[in-house]
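Shown next, in structure tokens, is the structure this report addresses.
Naming: A, B, ... by sequence-line order, numbering from 1 per chain. Side-chain atoms are counted along with the backbone in the values below, which use heavy atoms only and exclude waters and symmetry mates. Worth saying up front: this structure is predicted, and the values here are computed from it rather than measured.
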Number of protein chains: 2
Amino acid sequence: MAKDGERRDPLNRARVLRAAVALADESGLEAISMRKLAQALGVVPMALYKHVANKDELLDGMVDAVVSEVEPPQEGLDWKAAVRRRTLSARAVMLRHPWARRIMEAQAAPTHVILAYTDSMIRTFLAGGLSADLVHHVMHALGSRIFGFTQELHETAPTAPSDLSPEQVQYMMATFPGIVAVATARPHDPTSVVGSGCDDQFEFEFGIDLMLDGVERLHRNDWRSADHDREAASVL
Amino acid sequence: MAKDGERRDPLNRARVLRAAVALADESGLEAISMRKLAQALGVVPMALYKHVANKDELLDGMVDAVVSEVEPPQEGLDWKAAVRRRTLSARAVMLRHPWARRIMEAQAAPTHVILAYTDSMIRTFLAGGLSADLVHHVMHALGSRIFGFTQELHETAPTAPSDLSPEQVQYMMATFPGIVAVATARPHDPTSVVGSGCDDQFEFEFGIDLMLDGVERLHRNDWRSADHDREAASVL
DNA sequence: GTCAGAGGTGTACGCCGTACACCTGTCAGT
DNA sequence: ACTGACAGGTGTACGGCGTACACCTCTGAC
């Protein structure tokens with residue numbers, strides 16, 4: 001560094017976070033270490049601690065940056081369309097930053113930004129006339145889906161059927177007949193009968209619509225918590 | 001050790017996994033390191049590598065052990081009751097081993113045990129007469145719910161309203177009115193109007209029933225993928 | 001001209017996963 | 001009874017991690 005002309009302008013929290021998001025986008029979450037991030041910024045690791053308290057706070061900041069990319073609530077939509085649209089926007093954001101999901105799942109406490117987002121989503125429901133009681137349970141049921149997460153356990157299917165050797169297919173069919181039956185039944189994608197994967201967008205919309213349609217029906221029927229208890233009891 | 005009487009009987013994979021599960025139950029996932037686990041077993045860290053390939057495989061093994069605790073499918077139930085019951089059993093297991101969730105979310109590929117569980121769940125649906133097409137999408141929609149996961153983002157609410165100082169309540173009401181409105185509306189728990197938390201069991205059952213009821217309706221209406229496309233199009 | 005403080009540096013500690021060479025007791029085959 | 005393979009436990013070492021702490025060096029207000 002020394003005195004070779006002008007000094008680079010000093011770091012700040014925003015630049016650190018931006019660099020971290022870019023690094024994670026490029027190289028994945030496991031590439032995020034204080035040392036590597038510092039290197040990417042041309043700075044010594046400890047310099048970062050002047051701008052973020054510690055690594056956890058860095059991760060929180062990265063998530064906040066991502067959540068802020070979700071489009072704000074739209075005017076003039078009924079509650080269902082508004083929630084659907086915002087959730088799909090969130091999903092698009094999460095596809096750009098797939099690492100964000102794992103941070104959010106691992107972090108213990110929600111940040112202010114996340115609370116604000118949640119609050120805004122809740123108010124959309126309330127503004128639509130749903131009871132606070134119903135909204136409460138709906139938010140639990142939706143869970144992290146409002147952040148655009150697919151609730152899949154493993155982002156990648158083990159392997160596409162077409163990539164398997166005949167013996168492997170044989171083995172799969174013998175061992176996991178259910179999985180094979182269902183994995184090869186995807187008539188909604190006529191371009192490839194047994195393509196490389198699922199139509200993730202379709203699956204996401206199927207899931208969110210399954211829930212929102214259910215919610216709408218409960219709302220129309222003036223649902224109350226006590227109703228659910230009664231139904232559940234009748235099932236057993 | 002030397003020759004002080006009898007040697008302890010040798011380790012084996014099962015004992016290593018049992019110890020790891022016990023340690024995680026006691027001290028949480030962050031307490032699981034090869035070194036600490038070895039110490040708990042009275043053995044040198046590298047000894048573990050004779051029984052597990054590496055840490056990732058250890059974690060997989062722990063999850064498999066946990067998933068194996070879920071009760072097997074029951075005979076004589078219709079598909080909906082069968083799925084509901086097994087899912088609730090899975091949830092009970094996950095409450096005993098809350099750390100398992102984070103491993104499953106972080107692990108890239110599903111293990112054989114997990115595939116077998118998934119397969120069994122799928123076959124329950126198929127045996128109930130649901131089309132492979134519908135089951136495919138339903139499995140995506142249910143996601144990790146079939147493993148008993150609540151889809152909550154943060155296991156603990158930030159703080160129970162009753163634990164907040166009046167100024168904090170004031171601030172929350174001004175900043176997150178939606179959250180406050182909904183957090184204080186829980187008439188299904190008459191024992192405590194503003195208790196310390198939610199009735200998690202209720203929330204879980206609400207969510208799973210919301211989905212299963214929706215699925216049942218789709219099934220009764222002979223749902224096909226194309227229907228969904230048409231509906232979605234009509235919404236826009 | 002001084003001095004506080006913001007921002008960057010360097011060293012060091014304890015923890016982690018695990019590669020690799022090694023030792024030791026058991027037991028099958030002769 | 002001898003031997004040699006091998007399963008299972010050991011010890012050392014390396015590179016990576018987060019971060020505490022002492023330090024240096026500019027900048028700008030007074």
Qualifying side chain to side chain donor-acceptor pair (under 3.5 Å) pairs, either residue in residues 19-34 of chain B, two or more places apart:
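Found B/D25-B/H97, B/D25-B/W99.
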Value in whole Å for how far the [atom2] atom of [N] lies from [atom1] of [X]:
X	N	atom1	atom2	answer
B/L48	D/dG11	CG	C1'	15 Å
A/E30	D/dG18	CD	C1'	17 Å
A/Q39	D/dG16	CD	P	10 Å
B/L41	D/dT10	CG	P	11 Å
B/L59	C/dC16	CG	P	14 Å
B/K55	C/dA19	NZ	C1'	18 Å
A/D56	D/dC17	CG	C1'	14 Å
A/L37	D/dC17	CG	C1'	14 Å

Using side-chain heavy atoms (C-beta onward) and a distance below 4.5 Å, is A/L17 in contact with A/D64?
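Result no, sub-4.5 Å side-chain heavy-atom pair not found.
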Exam field: side chain B/Y117 to backbone B/I146, donor-acceptor pair closer than 3.5 Å:
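Here the side-chain-to-backbone pair exists.
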Counterpart residues, side-chain hydrogen bond (donor to acceptor under 3.5 Å, both in side chains), relative to A/Q39 (two or more places apart):
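For A/Q39, no residue satisfies side-chain hydrogen bond (donor to acceptor under 3.5 Å, both in side chains) once neighbours in sequence are set aside.
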Which residues satisfy the side-chain hydrogen bond (donor to acceptor under 3.5 Å, both in side chains) test with A/H140, sequence neighbours excluded?
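side-chain hydrogen bond (donor to acceptor under 3.5 Å, both in side chains) list for A/H140, sorted by chain: A/H136, B/E152.
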Listed once per pair and sorted, the ring-ring contact (aromatic ring centres under 6.0 Å, His included) pairs that draw on residues 9-28 of chain B, sequence neighbours left out
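Checked against ring-ring contact (aromatic ring centres under 6.0 Å, His included) - neighbours excluded - no pair reaches residues 9-28 of chain B.
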What nucleotide among [options] has an atom nearest to a side-chain atom of [X]?
X	options	result
B/P10	D/dT10, D/dT19, D/dG9	D/dG9
B/M34	C/dG17, C/dG10, D/dG8	C/dG17
A/Y49	D/dG9, C/dG17, D/dG18	D/dG18

With 3.5 Å as the limit, what N/O pairs link the protein to nucleotides 11-13 of chain C?
none

Would you please name every residue forming a side chain to side chain contact (heavy atoms under 4.5 Å, CB included) with A/E57, sequence neighbours left out?
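For A/E57, the residues satisfying side chain to side chain contact (heavy atoms under 4.5 Å, CB included) (neighbours in sequence not counted) are A/R13, A/V52, A/A53, A/N54.
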Which sits closer to the 5' end of DNA chain C, B/N54 or A/P45, going by the nucleotide each is nearest to?
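Mapping each residue to its closest nucleotide by heavy atoms, the 5'-most match is A/P45.
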Verify the contact: side-chain N or O of B/H51 to OP1 or OP2 of D/dA7, cut-off strictly under 4.0 Å; return yes or no.
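Negative; the distance criterion is not met.
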For A/K36 and D/dC17, is the shortest distance between a side-chain N/O and OP1 or OP2 below 4.0 Å?
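So the side-chain polar atoms of A/K36 do come within 4.0 Å of the phosphate oxygens OP1 or OP2 of D/dC17, strictly under.
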Do the rings of A/F149 and A/F147 sit parallel, tilted or perpendicular, given the 30° and 60° boundaries?
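The arrangement is tilted - the two ring planes meet at 30° to 60°.
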Base, sugar-phosphate, or nothing: which does A/K50 touch, judged by heavy atoms less than 4.0 Å apart?
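Counting heavy atoms under 4.0 Å across all strands, the contact made by A/K50 includes a base.
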Using a strict heavy-atom distance below 4.0 Å, which residues from residues 17-26 of chain B are in contact with DNA chain D?
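None, since no heavy atom is under 4.0 Å.
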Checking A/D119 now: which residues fulfil salt bridge (charged side-chain N to carboxylate O under 4.0 Å, His left out) with it, not counting sequence neighbours?
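For A/D119, the residues satisfying salt bridge (charged side-chain N to carboxylate O under 4.0 Å, His left out) (neighbours in sequence not counted) are A/R123.
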Looking at residues at least two apart in the chain, or sitting in another chain, which of them share a salt bridge (charged side-chain N to carboxylate O under 4.0 Å, His left out) with A/R85?
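Only A/E71 meet the salt bridge (charged side-chain N to carboxylate O under 4.0 Å, His left out) criterion with A/R85.
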